Amino acid sequence: MYYNDLGKTGKKVSAIGLGCEHLDGKPYGQVKEVVDAAVENGINIFDVFMPGREVRENIAKALGERREKVMIQGHIGSTDVHQQYDISRELPVVKKYYEEILSIFGYIDFGMMFYIDSEKDYKDVFETEFIDYVLRLKEKGDIRHIGFSSHNPITAAKVIRTGVPEMMMFSINPAFDMLPSEEDIFDHIETDMGVKLYRGLDPKRAELYRICSANQVGITVMKSLGGGKLISEKHTPFAKPLTVPQCIHYALSRPSVASVMTGAQTREEVLAAVGYFDLDESEKDYSQVIATMKNDFKGNCVYCSHCLPCPSEIDIAAVNKFLDIARLTPDQVPPSVRSHYHSLLHRGNECIECRSCEERCPFGVAVVENMKEAEKIFE
Ligand code: SF4
Ligand code: SF4
């Protein structure tokens, strides 16, 4: 396992986390098996968005004395008022469910404002008593950090610009990254994943990752497999399915991503997820699969590292990533991004312009130009 900084929270989270949704409705013995496997393998962040008391209690009981070893994402506004997963912004209802999760886990590490996708969601959270409640939870120490979850890059960027959240849970996979930001992923996930709409990487999604980096908002990832469609022969929008490690690798390669929450119902599924760390780079390389889309990726670095090796040992994807973030505000490059660039062992000024990377890049990225621009912008 390796651990990443989660934005400005100061916390280091495991690169693979546990999404606990699939433990809902399962007997305690099965919940314990999965929780044990996760903790034994170094997973230290769990997403517990489910509002049901039983599954929350089962997870807490399975953790037992190990509660402090694991950080919990608990979602504010996640309810089951209609006998199924639901969202509420009505304060008495929100409080009832949140006080319950607090009493079960003692405190919550990441208090997530639940599901802020639309302008209405934004207003219902930030222009009502909801936000006061969230801020009070933080002041009292009931939640240690404020986060939120979203599937919409435009609304998510607006939430980040309030300066309130320190982290975000966002749906990330290569198919969603190509879906125009005006589209609702849930209109497509059950059908064709919006494949007819794809026009290369959606600029608003790419911009969101850069805004997160510039504001030091860490990302945890949901839906990295696109609800299983990306790994399905029948449903993949690409010429062939991606593998689970390729999907995890794609998500972990996005700027600001700290952890990919993977669902598991058995010990074996936990072991399969953490098996990602034993694979070599070629087994995680997603570039050849997503390059099969006949759309305009041209010139966009997707941070896949397919262009390596570089004779100057430059981490080309990392340089491109920092450059993309800096391009957002070239006259005011965030100090954290500048410092990340300078902490690279080899930087753009070491490029000898051999162009072997450009020959290998499936997306036609002008690497040499980027190396020069990186030096100019960061020096
Ligand atoms: S330059 Fe091309 S091959 Fe290299 S990381 Fe970017 S997209 Fe991948
Ligand atoms: S062109 Fe520059 S960045 Fe690309 S492989 Fe050669 S030295 Fe490395």
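Remember, it's 1-based here, ligands and their atoms both numbered in the order they're listed. The structure presented is a predicted model; accordingly, all values stated were derived computationally and were not measured.
With respect to atom 6 (Fe) of ligand 2, the closest heavy atom belonging to the protein is C354 SG, 2.3 Å. Here the protein heavy atom with the shortest distance to atom 4 (Fe) of ligand 2 is C357 SG, 2.3 Å. Protein heavy atom nearest atom 8 (Fe) of ligand 2, with residue, atom name and distance: C310 SG, 2.4 Å.
Close approach of ligand 2 to R355 is summarised as follows: ligand atoms under 4.0 Å from at least one heavy atom of the residue are 1 (S), 6 (Fe). Every atom of ligand 2 is numbered from 1 in the order shown, and the set under 4.0 Å from a heavy atom of S356 is 5 (S). Below 4.0 Å from some heavy atom of V368 lie the following atoms of ligand 2, by number and element: 1 (S). Those atoms of ligand 2 that come under 4.0 Å of a heavy atom in P311, given as number and element, are 5 (S).
The pair E99-K95 does not count as a salt bridge, with every side-chain nitrogen at least 4.0 angstrom from each carboxylate oxygen.
Applying the 6.0 Å contact sphere to CD of E54 captures no more than 12 heavy atoms from other residues, nucleotides or ligands. Counting non-hydrogen atoms of neighbouring residues, nucleotides and ligands closer than 6.0 angstrom, the CD atom of E90 reaches no more than 12 such neighbours.
Listed by chain and number, the residues in a side-chain contact (heavy atoms from CB on, under 4.5 Å) with D47 are F49, Q73, H75, M169, M261 (sequence neighbours excluded). Evaluation of the salt bridge (charged side-chain N to carboxylate O under 4.0 Å, His left out) rule for R267 yields E40 as partners, not counting sequence neighbours. With sequence neighbours excluded, the residues that form a ring-ring contact (aromatic ring centres under 6.0 Å, His included) with H145 are F110.
Between the choices I352, N370, D315, the shortest heavy-atom distance to atom 7 (S) of ligand 2 belongs to I352.
When distances to atom 2 (Fe) of ligand 2 are checked against a cut-off of 2.8 Å, C351 contributes an N, O or S atom below that limit.
In this structure, R89 forms no cation-pi arrangement with F114, as its terminal cationic atom is not both closer than 6.0 Å to the ring centre and no more than 45° off the ring axis. Judged by the 6.0 Å distance and 45° axis criteria, K223 is not positioned over the aromatic ring of F176.
Taking 2.8 Å as the limit, the number of protein N, O or S atoms around atom 6 (Fe) of ligand 1 is 1.
Side-chain atoms of S224 and N173 form no donor-acceptor pair, as typed in the model, at a separation below 3.5 Å.
Centroid-to-centroid, the aromatic rings of Y2 and F277 come within less than 6.0 Å.
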